[in-house]
Number of protein chains: 2
Amino acid sequence: MKRATQAKRTTIYDLAELAGTSASAVSAVLNGNWRKRRISSQLAERITRLAEEQGYALNMQASVLRRERSKIIGMIVPKYDNRYFGSIVEQFETLARKRGLFPIVTCTRRDPELEIEAARAMLSYQVDCLIATGATDPDRIGDLCGAAGVRTVNLDLPGSCAPSVISDNFGGALELTRRVLANCEKEFGERFPLLFIGGRGTDHNTSERIRGFRAAHAEANVEVDETLILPCGYAPEKAESAMQQLAEGGPALPRGMFVNSTISLEGVMRWVRRSGHYAKGVPHLGCFDWDPFVAMLGDHIEMVRQDVPGMLHAVFEIIDSGTAEPKVVHIPPIVEKIG
Amino acid sequence: MKRATQAKRTTIYDLAELAGTSASAVSAVLNGNWRKRRISSQLAERITRLAEEQGYALNMQASVLRRERSKIIGMIVPKYDNRYFGSIVEQFETLARKRGLFPIVTCTRRDPELEIEAARAMLSYQVDCLIATGATDPDRIGDLCGAAGVRTVNLDLPGSCAPSVISDNFGGALELTRRVLANCEKEFGERFPLLFIGGRGTDHNTSERIRGFRAAHAEANVEVDETLILPCGYAPEKAESAMQQLAEGGPALPRGMFVNSTISLEGVMRWVRRSGHYAKGVPHLGCFDWDPFVAMLGDHIEMVRQDVPGMLHAVFEIIDSGTAEPKVVHIPPIVEKIG
DNA sequence: CAAGACTGCTCAATCGATGAAGCAGAATTG
DNA sequence: CAATTCTGCTTCATCGATTGAGCAGTCTTG
């Protein structure tokens, strides 16, 4: 097997010996600034060829240790179980690579402890910059990074000690609620308050969406039913049991609702199907977030799709510009309805 | 601002000076083996406290450079746009962390070039082990890693130079096809060949699934229609245009089909809805892969859910055991139908 | 009480890449 | 032809953490 011979990895010292030159020349050639270090092109070529033959691979740990910037950019993300975060991560990796940065992403499963542990780990790996996506406590992360002199950008949920890029939650929720109210009026011939379900009452996005929800009700002259505002968390099970409780409490279930994320919608739909409570007609729904299969579930669902490419462009604009002001950039989401 | 004072990061030398001791004592205390290096617990405590006060963070680059093992484990994954890969990544991170490993994941967007570039990058970062998930060319990655003395495990798609963990594609496809054939017979009172759509004809999974598809037809005494086997790729658009072409070619569209992945299903469903060709009745579907909203699309869809926890346990068992034999482990998928 | 064992540390080399400084020899200039 | 400039390298310190080797003291033991 080749493996035995190649137990040890080839280093610039090995190449230097093989080429009959110095490690510093090899380094200069392989990291591209041999021209300004006045290495002849013959030697450069010889070293390049040897490196290829020997299957040389740079040791990034050594390289980063020596350099001032690591060119590593980190992101923490709550979950990988929906299209929104999935496309955020994919876009992030693409844009990072385009800038010659090495992206490292880690998922914290909405666990506050894991979140800061992950942030600490990223700092240990010398990230130049950290994107905190949907963090429970963005400022805690911001402080950690600040102490290490590392830049942070908050995404999806805003913080107060670093720039943030978020959706226009108020605007999106306002429009989404308007549509659901209108759909209900069209079908039932009357206006009535909707149910708001999903999300955490303490997070900025949820409270802004509730504000939009209220504003749309006010506009339509419908009084909000306070018992129908249920920010029960994001997990499907939470939404499911909130629905169950609601059904047990009162006799009439809402015929229209605002569901705060596809993941909550998963629980709501499950309950709707299992409980049989909506056997005589499905409720009109509005979902803040998009999923292709939800779009196919029927014409009773309106969706708001967050503008992920727009959000990530804003993030990298902030990074490129070097701003550290804790400004919040609002990206308008897209209200769509695919049949 | 604190930032100015803290421009430079605290190192073990700084702590050593503050504690009036040596860097080597600090290192021993902070990496936990101070006991075996006979450091007194008083000193240990003093150093620990100081480290906390100063917000010390280990420099992993330096640490990894010095050690023989990096404790970094890499994974490359084709996409983040479906539940299957999403849960693979999440499970992977969880299990890696449980073992004290640092997971780094990167998405290669089904691009063969990016795939090997990503593998090279991971090697540069000194990963101890690399999981190649759904790789276009697992053996190329295997060779790269082999040359660097790094272990590889193939996941989802098998390779020939490293252990592989994959679903029992034949068995899953056999059962799924059986069910769709049975559903069709129940509704239409007759047996007829199904459509197979999605996936790459060249990949092992797709060809095994086609084999299962054929076996189920044989079992049911139905002759496979060769013009209905369309491994057109994974992207939704590919499936969409394959359906379009099929519709343009012949008059009768299949009333039953096997769709090879949720992502292909996305295209199929889009076409079914847009084209209006199935206005008088939706086709019976079988989908190799699972998605919660697909499960809600109606009772005409059967799904096979790949056993992600089972697969990842197998992966880590291989890693823990240290085997390097290119064996293929088949994990049976779960055939389910959620109403 | 001398020999050995133990305690609690420190010293210095090392991992691999980088780049400032320096040094021969060749080429150019006044 | 001496003085300067240029070319094409090499030497060496450095980044921060790790670890084998070593070294004073103190404690034990026959």
Side-chain angles (χ1 to χ4, degrees), chain A residues 7-47 51 54-72 102 121 123-126 128 148-149, chain B residues 7-47 51 54-72 102 123-128 148-149:
Chain A
K8 206 101 178 40
R9 252 119 126 166
T10 316
T11 70
I12 51 168
Y13 297 94
D14 303 331
L15 293 179
E17 191 159 325
L18 285 168
T21 179
S22 73
S24 126
V26 174
S27 169
V29 169
L30 296 179
N31 70 27
N33 54 8
W34 52 279
R35 217 126 222 160
K36 84 179 68 130
R37 305 230 9 221
R38 297 187 313 215
I39 306 289
S40 67
S41 37
Q42 294 103 288
L43 181 56
E45 205 175 323
R46 192 148 47 92
I47 288 174
Q54 300 293 313
Y56 170 80
L58 176 66
N59 183 328
M60 272 297 174
Q61 316 295 350
S63 178
V64 167
L65 177 60
R66 195 52 181 49
R67 288 178 335 214
E68 76 306 358
R69 289 190 50 214
S70 68
K71 299 196 169 193
I72 301 175
F102 185 77
L123 291 178
S124 270
Y125 283 95
Q126 311 299 109
D128 282 337
Chain B
K8 205 103 178 42
R9 252 119 126 164
T10 315
T11 71
I12 51 168
Y13 297 94
D14 302 332
L15 294 179
E17 191 159 325
L18 286 168
T21 181
S22 72
S24 121
V26 175
S27 169
V29 168
L30 297 180
N31 68 27
N33 55 8
W34 53 280
R35 220 126 222 157
K36 83 177 68 129
R37 289 196 55 111
R38 297 186 314 213
I39 306 290
S40 66
S41 37
Q42 294 103 289
L43 181 55
E45 205 176 324
R46 191 148 47 93
I47 289 175
Q54 301 293 313
Y56 170 80
L58 176 67
N59 182 328
M60 272 297 173
Q61 321 294 351
S63 178
V64 166
L65 176 60
R66 192 51 178 58
R67 288 180 333 217
E68 76 308 358
R69 290 190 51 215
S70 68
K71 300 196 169 192
I72 302 175
F102 185 79
L123 291 177
S124 270
Y125 282 94
Q126 309 301 106
V127 291
D128 282 337

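Every heavy atom of this structure was used, including side-chain atoms; hydrogens, water molecules and symmetry mates were not. Letters A, B, ... are given to chains in the order of the sequence lines, protein chains preceding strands, and every chain is numbered from 1.
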> Rounding to a whole Å, what distance do you find between B:Leu123:CG and C:dG16:P?
Replying inline: 15 Å
> Separation of A:Asn33 atom CG from C:dG19 atom P, in whole Å?
Replying inline: 6 Å
> When the distance from NZ of A:Lys36 to C1' of D:dC6 is rounded to whole Å, what number comes out?
Replying inline: 19 Å
>> Quick check on D:dT10: is either OP1 or OP2 less than 4.0 Å from any side-chain nitrogen or oxygen of A:Tyr13?
In response: no
>> If I take atom CD in residue B:Gln42 and atom P in nucleotide C:dT7, what distance separates them, rounded to the nearest angstrom?
In response: 14 Å
>> With hydrogens left out and only the distance checked, is there a donor-acceptor pair under 3.5 Å joining B:Arg67's side chain and the base of D:dT18?
In response: no
> Please walk me through it: do A:Ile47 and A:Thr21 pass side chain to side chain contact (heavy atoms under 4.5 Å, CB included)?
Replying inline: CA-CA 9 Å; A:Ile47 288 174; A:Thr21 179; 4.0 Å; yes
>> Quick check for you: among D:dT10, C:dT14, C:dT10, whose closest atom lies nearest to any side-chain atom of B:Ala25?
In response: C:dT10
> Across the strands shown, which category fits B:Leu43 at heavy-atom distances under 4.0 angstrom: base, sugar-phosphate, nothing?
Replying inline: sugar-phosphate
>> Between B:Tyr125 and A:Tyr125 (judged by ring centroids, cut-off 6.0 Å), do the two rings come close enough to count as a pair?
In response: no
> Yes or no on side chain to side chain contact (heavy atoms under 4.5 Å, CB included) for A:Asn59 and B:Gln126, after CA distance, side-chain angles and deciding distance?
Replying inline: CA-CA 7 Å; A:Asn59 183 328; B:Gln126 309 301 106; 3.5 Å; yes
> Quick one: B:Gln126 CD to C:dA17 C1', roughly how many Å, whole number?
Replying inline: 12 Å
>> Side chain of A:Ile39 only, heavy atoms from C-beta on: which candidate in C:dG16, D:dC9, D:dT18 is closest?
In response: D:dC9
>> For a side chain to side chain contact (heavy atoms under 4.5 Å, CB included) check, start with the C-alpha distance between B:Val64 and A:Leu65, then their side-chain angles and the critical distance, and finish with the verdict.
In response: CA-CA 10 Å; B:Val64 166; A:Leu65 177 60; over 6 Å; no
> Would a distance-only check, ignoring hydrogens and angles, find a side-chain to backbone donor-acceptor pair under 3.5 Å from B:Arg9 to B:Ala57?
Replying inline: no
>> Please report the distance, rounded to the nearest Å, between CG in B:Leu30 and P in D:dA17.
In response: 9 Å
> Quick one: is B:Ser40 getting a side-chain N or O under 4.0 Å of the C:dC9 phosphate, OP1 or OP2?
Replying inline: yes
> Is there a donor and acceptor pair closer than 3.5 Å between the side chain of B:Arg37 and the base of D:dG20?
Replying inline: yes
>> Without decimals, in angstroms, what is the distance between B:Arg38 CZ and D:dC27 C1'?
In response: 14 Å
> Would you say C:dT10 has OP1 or OP2 under 4.0 Å from some side-chain N or O of B:Thr21?
Replying inline: yes
> Does B:Asn59 have a side-chain nitrogen or oxygen under 4.0 Å from the phosphate oxygens OP1 or OP2 of D:dC15?
Replying inline: no
>> Quick check on D:dT18: is either OP1 or OP2 less than 4.0 Å from any side-chain nitrogen or oxygen of B:Asn31?
In response: yes
> What's the closest nucleotide to the A:Leu58 side chain, out of D:dT10, C:dA17, D:dT19?
Replying inline: C:dA17
>> Test side chain to side chain contact (heavy atoms under 4.5 Å, CB included) on B:Ser124 and A:Gln61; report intermediate values, then the result.
In response: CA-CA 8 Å; B:Ser124 270; A:Gln61 316 295 350; over 6 Å; no
> Does C:dA17 have OP1 or OP2 sitting under 4.0 Å from an N or O in the side chain of A:Ser27?
Replying inline: no
> Starting at the 5' end of DNA chain C and moving along, which residue's nearest nucleotide shows up first, A:Gln61 or A:Glu68?
Replying inline: A:Gln61
> Which part of the nucleic acid does A:Ser24 contact within heavy-atom distance under 4.0 Å: base, sugar-phosphate only, or nothing?
Replying inline: base
> Taking only side-chain nitrogens and oxygens of A:Ser22, does any of them come within less than 4.0 Å of OP1 or OP2 of D:dT10?
Replying inline: yes
> Could you state the CG-P distance from A:Leu15 to C:dT18, rounded to the nearest angstrom?
Replying inline: 12 Å
